[in-house]
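Reckoned from all heavy atoms, side chains included, excluding hydrogens, waters and symmetry mates. A quick note: this is a predicted structure, and the numbers were derived from the prediction, not measured. Naming convention: chains lettered A, B, ... in sequence-line order (proteins, then strands); numbering from 1 in each chain.
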Amino acid sequence: MADKERVLVMGNQACVLGAIYAGLRFFAGYPITPSTEVAEGCARELPKIGGRFIQMEDEIGSIAAVIGASVSGLKAMTATSGPGYSLMIENLGYAYMTETPLVVINVQRGGPSTGLPTKVSQSDTMQAKWGPHGDYTAITVAPSTIGETVTEVIRAFNLAERFRTPVTVLLDEVLGHSRQIITLPEPGEIEIFDRVKPTCSPEEFEAFAMTPNMVSPMPAYGEGYRYVCTGLTHDTKGFTTNKSEEIAPKMYKLRHKIIDYQDEIHKMRAEKMDDAEVAFISYGSVARAALQATDIVRKAGYKVGALQLQTIWPFPDEKLREMCGKCRAVVVAELNMGQIVHEVRRALPPDIEVHELQRYDGEILTPMQLVNKLEEVL
Amino acid sequence: MADKERVLVMGNQACVLGAIYAGLRFFAGYPITPSTEVAEGCARELPKIGGRFIQMEDEIGSIAAVIGASVSGLKAMTATSGPGYSLMIENLGYAYMTETPLVVINVQRGGPSTGLPTKVSQSDTMQAKWGPHGDYTAITVAPSTIGETVTEVIRAFNLAERFRTPVTVLLDEVLGHSRQIITLPEPGEIEIFDRVKPTCSPEEFEAFAMTPNMVSPMPAYGEGYRYVCTGLTHDTKGFTTNKSEEIAPKMYKLRHKIIDYQDEIHKMRAEKMDDAEVAFISYGSVARAALQATDIVRKAGYKVGALQLQTIWPFPDEKLREMCGKCRAVVVAELNMGQIVHEVRRALPPDIEVHELQRYDGEILTPMQLVNKLEEVL
Amino acid sequence: MSDSGTGDQTKAEAGKKNKYDYTNGPPPLEINMKWCKACNICIALCPKEVFEPNRDGKPIIARPENCTQCTICWVHCPDLAITSNYK
Amino acid sequence: MSDSGTGDQTKAEAGKKNKYDYTNGPPPLEINMKWCKACNICIALCPKEVFEPNRDGKPIIARPENCTQCTICWVHCPDLAITSNYK
Amino acid sequence: MAVSLKGKVAIPEDRFEMRLSGSGGQGMILASVIFAEAIGKTDKRNVVQTQSYGPEARGGASKSDVVISENEIYYPKAIKLDLLLTMTQESLDKYYADLKEGGTLIVDTSLVTEFPTDKYFGLPFTELAKKEAGHVMVANVIALAAIAELTGSVTREALTDAVLSRAPKGTEEKNKKAIEIGFAEAAKLKAKKG
Amino acid sequence: MAVSLKGKVAIPEDRFEMRLSGSGGQGMILASVIFAEAIGKTDKRNVVQTQSYGPEARGGASKSDVVISENEIYYPKAIKLDLLLTMTQESLDKYYADLKEGGTLIVDTSLVTEFPTDKYFGLPFTELAKKEAGHVMVANVIALAAIAELTGSVTREALTDAVLSRAPKGTEEKNKKAIEIGFAEAAKLKAKKG
Amino acid sequence: MTTATKNKKSQKSSVILDYLRPNKGMPSVWCAGCGNGIVMTAIIRAVDNLGLSKDEVVMASGIGCSSRMPMYLDFSALHTTHGRSLAFATGVKFARPELKVIDITGDGDALAIGGNHFIHACRRNIDITAILINNNIYGMTGGQGSPTTPSGAFSTTTPYGNSEKHFDPCSLAKAAGASFVARTTVYHATQMDTIIQKAISHRGFSLVEVISNCHTYYGRLNRMGDAVAMLNDFKNRAVPLAKSKKMTEEEMVGKFAIGVLHQEEKTEFCDVYQSVVDKVKGGK
Amino acid sequence: MTTATKNKKSQKSSVILDYLRPNKGMPSVWCAGCGNGIVMTAIIRAVDNLGLSKDEVVMASGIGCSSRMPMYLDFSALHTTHGRSLAFATGVKFARPELKVIDITGDGDALAIGGNHFIHACRRNIDITAILINNNIYGMTGGQGSPTTPSGAFSTTTPYGNSEKHFDPCSLAKAAGASFVARTTVYHATQMDTIIQKAISHRGFSLVEVISNCHTYYGRLNRMGDAVAMLNDFKNRAVPLAKSKKMTEEEMVGKFAIGVLHQEEKTEFCDVYQSVVDKVKGGK
Ligand SMILES: Cc1ncc(C[n+]2csc(CCOP(=O)(O)OP(=O)(O)O)c2C)c(N)n1
Ligand SMILES: Cc1ncc(C[n+]2csc(CCOP(=O)(O)OP(=O)(O)O)c2C)c(N)n1
Ligand code: SF4
Ligand code: SF4
Ligand code: SF4
Ligand code: SF4
Ligand code: SF4
Ligand code: SF4
Ligand SMILES: [Mg+2]
Ligand SMILES: [Mg+2]
């Protein structure tokens with residue numbers, strides 16, 4: 001690590017660097033503040049490695065093109081913010097249904113609607129889980145530093161490929177636009193997962209075959225395995241079905257290929273949690289305020305810890321219970337009017353007090369606001 | 001009631017009848033199974049009463065036109081199903097932000113994606129709350145019979161006008177496409193609420209003024225009150241703002257104008273709940289299976305009751321706790337992989353067992369499936 | 001194949017001049033009665049009145065000797081139910 | 001108004017033929033210095049070189065007598081900073 | 001907390017449940033709608049009609065249920081059929097198991113050849129429609145009339161009104177004829193079966 | 001369960017926090033990026049830079065924070081400033097309260113006329129840029145060099161490298177000149193203030 | 001890849017059976033007589049004539065009766081969301097320019113909800129062949145008006161006659177930048193083979209508008225008779241391009257031109273991008 | 001309502017101040033010299049010349065620098081979501097046909113994300129006046145390529161030159177069905193007054209494309225100089241329609257025609273729908 005080049009990187013650029021490290025070869029997107037630098041970075045960098053960048057006519061087309069590229073065999077990504085993510089919802093559902101690996105970056109700004117384009121927010125957290133209609137199981141990760149943005153984007157690609165599913169990376173305006181001196185991982189330093197390809201003969205091939213881990217091998221177009229990929233509910237071959245006995249297994253697969261393996265997905269940063277009586281629970285930029293607050297309050301002698309959710313969805317119910325096992329109370333801090341706190345309430349046993357601290361005026365929670373909140377809790 | 005004409009009405013037609021009763025004068029929509037008959041009914045009926053029907057180029061345009069008509073003073077509605085609702089998400093957020101009254105009918109079919117166009121589902125329940133990005137407070141109602149569809153659609157319009165907000169009506173394919181002999185309410189029989197208009201002078205007028213109940217009077221375009229309606233976060237006059245001290249009150253208003261008055265919004269049908277030890281909790285078509293199952297099991301001597309949620313959002317935490325106060329257990333039955341059950345778990349005290357019964361194969365839960373579930377619970 | 005329309009040629013009359021030697025080869029066309037949906041297009045469009053509808057409205061090759069292999073029927077069959085035995 | 005550019009006309013020279021009688025009326029134009037963003041358009045586009053830029057790049061009416069009230073400056077001012085006192 | 005409800009619970013008896021089934025083009029939904037309307041016009045019983053569809057809205061449904069009751073109708077679909085009309089072999093095979101013991105089975109004998117029981121009313125609706133009523137399209141109306149006659153659940157007048165109010169212009173006579181045939185043939189059958 | 005933490009907690013001391021503030025066009029973001037880069041090149045300290053924007057991406061930011069620490073930098077924005085550079089009166093008025101007691105205030109005296117304190121380093125960056133360096137655009141670079149000199153937080157070489165790597169072609173000389181001026185003027189000032 | 005050299009000389013009528021997806025049962029979901037099937041066989045013959053291997057072709061489609069086609073054909077296929085197929089197809093083509101991408105779409109799919117992707121695919125002149133099956137109605141959802149439903153015509157959402165005007169997809173495509181634009185009808189099935197073949201061979205975006213019959217809805221609601229009657233109507237109303245140019249506007253009322261309406265040489269998007277990649281990777 | 005009769009004869013230059021929204025502070029958010037402001041004053045003069053009352057006008061816009069205009073003008077206004085303003089405007093106009101609806105949009109707003117609503121508003125020929133401020137770039141988000149960015153031009157998303165082709169919004173609008181199509185530039189401010197006036201008076205959908213300068217991004221990235229330089233460039237490249245018709249294609253390279261490019265009499269959507277309502281309510 002000592003000899004690596006130290007570079008100043010913006011959060012949005014970190015997405016580009018992480019993605020390319022993970023194998024990104026295709027980006028389709030539509031500019032939107034505060035995510036635009038991701039697109040601009042891809043426009044600059046992808047041609048250098050023979051990759052492809054296209055600015056589509058809108059966000060609907062962007063994710064559509066990304067899906068098209070992914071089924072054609074390229075690792076693909078798009079980046080946007082709330083309004084654009086809202087427009088991607090329908091085709092994101094298509095990606096869930098067709099089990100297409102891809103990564104969507106959402107650099108959150110204030111909402112609802114056009115809201116506050118240049119102000120920070122974490123109010124798209126629930127949307128990442130429940131935005132598209134129908135049943136599916138969302139994977140969402142959320143870094144909080146520039147270095148973590150690189151590694152979490154890499155992890156997002158790995159999860160997408162491993163589980164054949166879209167993965168959302170939630171950033172926020174502060175993270176997207178802040179810069180930090182980091183060192184980049186060397187080639188080979190972080191393991192890269194590529195989708196499993198079929199090894200059977202084309203005749204035997206079933207595009208959505210039930211396998212032991214429920215993930216079906218995925219060929220690229222043009223590789224001799226011909227199948228139809230449809231957003232209609234389909235059987236294991238990919239043909240549309242209206243039959244209950246074929247519908248239910250497909251739905252089961254969509255859910256359980258992820259839920260049954262969620263241990264592989266969950267990730268959390270725990271600081272000073274060993275003896276913590278009170279824990280901050282947070283994610284994204286707020287986690288940095290929480291770490292700072294923890295540091296401040298620890299120095300004053302209070303047993304406070306900080307949990308940063310790096311995996312937001314599926315929500316780490318069990319892991320959270322485990323981590324908070326010794327806590328008397330938690331403080332859930334978010335830049336919204338209360339979103340992830342509902343999950344925390346659901347997940348934690350009733351004897352742990354759940355306090356909430358929210359800010360929704362376009363500014364980030366400060367360490368001192370978190371510290372002050374503790375006055376009610378300690 | 002005795003002399004009223006008895007008519008055979010399809011669920012989707014009932015939406016049209018209820019809406020016109022409530023004052024509908026503008027419909028913009030885009031056909032989609034299984035909601036299309038709502039649009040077709042409006043195309044036929046609205047010209048007869050001088051109203052306006054337009055088939056837009058897509059669902060995004062449909063809700064946009066509906067918002068345009070609503071700010072212009074007409075009661076307006078659109079109807080769709082999951083894929084279309086997903087496309088409306090961005091502009092639905094605009095309606096939340098601009099506090100524009102309107103009604104969206106979602107006749108649910110199987111998802112995700114194009115899914116099962118002609119099959120029943122209740123998998124858009126969470127989307128109705130969390131679909132759009134950003135913070136806002138959704139109102140969603142859900143009828144279960146044809147007669148209730150008429151009255152719930154009327155109620156949806158009243159809520160939309162009362163709270164200056166979009167209201168979603170969740171139907172499902174079975175309800176939308178089933179027919180029932182009903183009698184229609186007479187004119188005057190059900191009270192109709194119209195948006196409050198400003199009475200001040202145009203000079204004093206503030207489009208998003210803070211009022212005692214937090215709902216701002218709303219003029220129609222062309223009536224002398226000129227203001228700009230924007231999806232950017234705005235101050236009380238409607239001008240965009242980046243100031244924390246103006247952002248926070250706007251966000252507060254959006255939430256609390258509804259949350260603080262949720263008693264006016266909650267509605268539930270309770271059957272045989274007085275002495276029930278176990279209660280079914282359900283909504284939409286499933287509620288009918290639950291009522292049937294309750295009836296069947298009561299006849300066998302078991303103290304079972306049924307709660308039908310007619311208001312889904314805001315979720316009636318308190319009312320539910322109250323109604324289930326005497327229950328030992330509840331069975332939450334849904335046509336999805338588990339959505340409203342999470343809310344029930346959150347809302348009910350830990351000493352009430354929460355059981356789940358889900359079906360997601362395109363068919364409705366049968367009374368016998370509910371009865372059988374009770375074998376585990378009783 | 002029992003679903004082939006040619007098996008049903010009860011009305012086929014011989015006698016007129018035709019291009020195909022049925023003693024040495026199959027009938028001019030093969031009709032897949034399972035796929036045919038009785039849309040009537042082939043029957044109506046054939047310039048030589050080769051077809052007649054059966055009870056279900058599906059074509060039977062009533063006048064095979066008339067067939068000039070003009071392609072019209074098979075390029076217009078929406079259900080891929082007609083192929084030629086010669087072309 | 002102290003923000004009016006006309007208050008700053010230190011360089012205005014008299015002597016050339018002009019259409020306006022400044023002894024009896026106001027200067028040809030009113031410039032709102034608060035709104036003006038110093039884009040230079042009026043200065044560059046005026047065919048009569050009526051303006052000169054001040055230290056901040058905002059126009060001052062240097063040669064009022066040249067002004068023909070041709071409209072060019074005020075129809076091109078993107079910041080609604082110029083109006084005519086005569087038209 | 002695990003009880004067995006087997007034998008303790010019974011399907012509700014206040015409902016009369018019927019299913020009209022056949023293939024796409026046979027107008028089973030329309031028939032059930034007409035039937036439901038006829039009942040609505042006749043008296044104050046409650047009626048609910050449901051169906052299932054093919055892909056999107058296109059392609060007709062193959063089955064449609066009508067539930068009739070004096071009481072509020074909770075569950076909208078049939079639970080156990082009191083009456084099953086099957087216009088094709090496929091629908092008979094598929095839905096026969098849903099018929100109550102002792103329920104009424106009505107079969108279009110023009111198209112059905114294998115019977116799971118010999119307790120059924122068989123009439124060649126399609127043939128009758130083609131030959132006697134002049135158009136295959138009214139087979140469903142003949143069947144409706146037969147149901148009315150066999151069950152007594154709706155009067156000839158109410159059925160005629162309901163049929164005619166939905167009949168396309170120019171088809172009135174054929175429909176009237178169909179109703180006549182249906183009632184007459186069913187009456188004959190009833191008489192024969194006793 | 002209600003404690004008072006007042007007096008018990010202190011803001012962290014392992015962070016050096018600075019804010020560069022001014023109006024949109026003055027290049028405060030660029031300056032802070034250059035500064036952060038210069039530090040990154042110089043040694044192994046951690047650096048985080050943040051800013052605030054106007055509507056959408058358009059309109060420059062009016063402030064940009066740089067936090068420097070030997071340790072992991074948790075909170076990315078400044079908590080209490082060790083150094084504040086203000087290029088306009090407005091930014092001085094707005095951000096002065098965020099300066100730590102004893103923190104360094106650096107002011108562009110070309111544009112600022114009212115001072116809330118007399119403990120400040122004043123240099124006419126804009127004037128110097130226009131008159132000495134040949135272009136108003138390099139006022140930010142002069143200020144950076146002054147900060148480097150006054151705080152010793154970054155070497156002249158590192159700063160020069162960082163500036164030149166971001167400078168548009170053809171502006172190298174002006175920028176070098178600006179760095180020279182900044183170091184020189186600040187040195188004079190330092191000497192004067194003692 | 002020059003497809004021209006692969007062109008086959010002779011073709012058996014049974015070739016249509018060679019391109020059906022194994023395991024996916026015919027008959028199709030389409031109504032008896034629906035023009036979609038006629039278009040499907042024309043596409044097969046065109047692909048076969050060009051000598052393309054099945055693995056070289058990717059088919060994309062949206063949602064609609066017409067868009068069901070890729071279910072039946074043995075190509076890799078993306079049956080996408082309503083209106084979006086050209087955006088998906090753009091992703092496929094741009095990711096793998098060596099594949100031939102054929103997009104199947106309907107008048108509602110391409111021109112109503114999908115209008116934006118349609119004009120942008122035209123603008124980019126990306127090498128995709130779009131076959132727009134125009135039946136003047138939404139077939140799949142049961143007969144609602146579409147952007148090509150003529151003024152005054154009936155549909156379930158225009159029960160008193162359509163108040164709107166209709167698009168001419170060919171003019172729109174040309175104005176948007178498509179470099180190959182053609183129109184034919186399901187009646188002109190043999191012409192269709194040739195036109196589709198030309199469209200696929202053309203480098204750049206090609207649109208083939210095929211006027212087709214939805215007698216089930218459009219025909220019935222507008223009293224146009226059955227499939228046969230509608231095919232004959234197309235025969236009567238279609239005028240070969242050359243002839244149409246000699247006709248006056250009045251003579252053309254109710255009629256439409258068929259043939260290759262527009263073709264031009266124009267750089268193709270993927271090609272241009274590749275040259276950018278080459279430049280960036282090569283020098284700089 | 002015949003607006004013609006209300007036309008004013010004389011107009012003071014200070015009229016631009018009469019139409020500013022009270023309380024909303026100028027100066028605008030726009031960069032110094034941005035053409036958006038020039039268009040704004042032209043609209044004011046046109047509205048004033050037509051003698052429209054402030055309450056008769058509703059302004060709609062999407063998202064973009066250009067779309068900020070309704071913030072400043074004292075009309076009822078819908079500042080909507082990106083690209084959707086014409087769909088919102090359709091709702092307003094159809095709900096209240098007696099109002100004059102003016103839509104302000106940018107090249108990204110109208111032609112990228114909003115392309116579909118754009119062509120459908122044209123197709124319906126609904127009586128809305130769309131003023132498309134074409135600066136060949138996304139201004140608001142900081143200089144990304146738009147559907148009117150020329151091939152080869154630089155933007156932050158085309159750092160090696162644009163691989164795509166650009167739309168001609170006027171041809172597109174005409175092909176889509178607009179009955180009034182005009183083009184002008186911010187240099188031709190006085191012509192703009194007249195054209196906008198004609199567009200508003202025209203019954204049916206009218207498009208006015210105004211070529212405008214984003215020197216901050218487009219100008220800078222393509223080395224076109226400041227606002228003044230760009231205005232002068234428009235002066236040099238714009239050719240009056242009549243003259244342009246006499247010029248050869250080669251002579252027109254790099255140039256563009258200005259003026260009313262297309263105008264036709266065509267029934268308007270709300271009018272036709274009203275006649276349906278009258279028919280349905282009246283007789284039947
Ligand atoms: C987002 C969305 N909106 C609406 C629909 C419903 N829908 C399915 S197909 C269709 C129209 C099809 O019309 P067209 O493209 O002309 O195809 P056709 O069926 O006529 O071949 C519609 C509106 C949908 N599936 N998705
Ligand atoms: C759904 C959505 N996508 C993207 C954006 C971000 N955005 C705002 S304005 C704009 C482009 C504006 O370009 P143009 O319409 O040409 O207007 P200009 O700023 O050039 O006047 C974009 C992409 C947004 N606000 N909403
Ligand atoms: S090939 Fe021609 S002649 Fe022979 S049957 Fe077919 S249409 Fe008739
Ligand atoms: S054209 Fe084909 S489907 Fe139609 S009747 Fe003839 S063989 Fe049958
Ligand atoms: S009106 Fe004309 S002459 Fe007078 S200052 Fe303006 S541009 Fe110059
Ligand atoms: S045109 Fe207007 S804004 Fe520009 S310099 Fe002149 S007065 Fe100032
Ligand atoms: S509904 Fe129309 S388009 Fe669809 S299959 Fe039937 S005929 Fe064809
Ligand atoms: S960025 Fe461009 S379009 Fe936006 S205000 Fe500045 S000059 Fe105008
Ligand atoms: Mg169609
Ligand atoms: Mg622009």
Engineer: Count the heavy-atom pairs under 4.5 Å between each of B/Gly93, B/Ser72, B/Gly231 and chain H, then report the option with the highest count.
Structural biologist: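 It is B/Ser72.
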Engineer: Under 4.5 Å, counting heavy-atom pairs only, tell me which of B/Cys229, B/Ala69, B/Ala64 racks up the most with chain H.
Structural biologist: B/Ala64
Engineer: Looking at H/Arg84, H/Arg123, H/Met59, which has the largest count of heavy-atom pairs under 4.5 Å with chain B?
Structural biologist: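 Result: the option with the highest number of such pairs is H/Arg84.
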Engineer: Which one, H/Leu86, H/Thr81, H/Val277, leads in non-hydrogen pairs under 4.5 Å with chain B?
Structural biologist: H/Thr81
Engineer: Is it true that a side-chain atom of B/Asp58 and a backbone atom of B/Gly61 form a donor plus acceptor pair closer than 3.5 Å?
Structural biologist: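 Checking the backbone N and O of B/Gly61 against the side chain of B/Asp58, a donor-acceptor pair under 3.5 Å is found.
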Engineer: Given a strict heavy-atom distance threshold of 4.5 Å, which part of H/Lys93 is in contact with chain B: side chain, backbone, both, or neither?
Structural biologist: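 Neither part.
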Engineer: Before we go on, tell me: are the rings of H/Phe180 and H/His262 under 6.0 Å apart, centre to centre?
Structural biologist: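 No.
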Engineer: Counting heavy-atom pairs under 4.5 Å to chain H, which of B/Gly222, B/Ala76, B/Gly238 comes out on top?
Structural biologist: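 Option with the greatest count: B/Gly222.
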Engineer: What part of B/Tyr221 gets closer than 4.5 Å to chain H, counting heavy atoms only: side chain, backbone, both or neither?
Structural biologist: both
Engineer: Looking at H/Leu78, H/Thr90, H/Leu73, H/Val57, which makes the most heavy-atom pairs under 4.5 Å with chain B?
Structural biologist: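 Looking at each of H/Leu78, H/Thr90, H/Leu73, H/Val57 in turn, H/Leu78 comes out on top.
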Engineer: Looking only at atom types and distance, does a side-chain atom of B/Gln13 sit under 3.5 Å from a main-chain N or O of B/Met10, one as donor and one as acceptor?
Structural biologist: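 Yes.
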Engineer: Any salt bridge between B/Glu245 and B/Lys243, counting N to O under 4.0 Å?
Structural biologist: no
Engineer: For each of B/Val66, B/Ile67, B/Thr98, B/Asn91, tally heavy-atom pairs with chain H at distances under 4.5 Å, and name the one with the top tally.
Structural biologist: B/Asn91
Engineer: Would you kindly say whether H/Ser179 and H/His202 are connected by a side-chain donor-acceptor distance under 3.5 Å?
Structural biologist: yes
Engineer: If we ignore angles and hydrogens, is there a donor and acceptor under 3.5 Å between the side chains of H/Asn134 and H/Glu209?
Structural biologist: yes
Engineer: Examine distances only and state if a side-chain atom of H/Tyr273 and a backbone atom of B/Phe53 form a donor-acceptor pair shorter than 3.5 Å.
Structural biologist: yes
Engineer: Heavy-atom distances under 4.5 Å only: say whether B/Val71 touches chain H with side chain, backbone, both or neither.
Structural biologist: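 Just the side chain, heavy atoms under 4.5 Å.
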Engineer: Is it the side chain or the backbone of B/Leu74 that comes within 4.5 Å of chain H heavy atoms, both, or neither?
Structural biologist: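 The side chain, not the backbone.
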Engineer: Pick one of side chain, backbone, both or neither for H/Arg21, based on which atoms fall under 4.5 Å of a heavy atom in chain B.
Structural biologist: side chain
Engineer: For H/Asp109, check side chain to side chain donor-acceptor pair (under 3.5 Å) against everything at least two apart and list the hits.
Structural biologist: H/His82, H/Thr105
Engineer: Count the heavy-atom pairs under 4.5 Å between each of B/Gly224, B/Ser70, B/Ser62 and chain H, then report the option with the highest count.
Structural biologist: B/Gly224
Engineer: State whether the side chain of H/Lys100 and the backbone N or O of H/Ile200 hold a donor-acceptor pair below 3.5 Å, judged by distance alone.
Structural biologist: yes
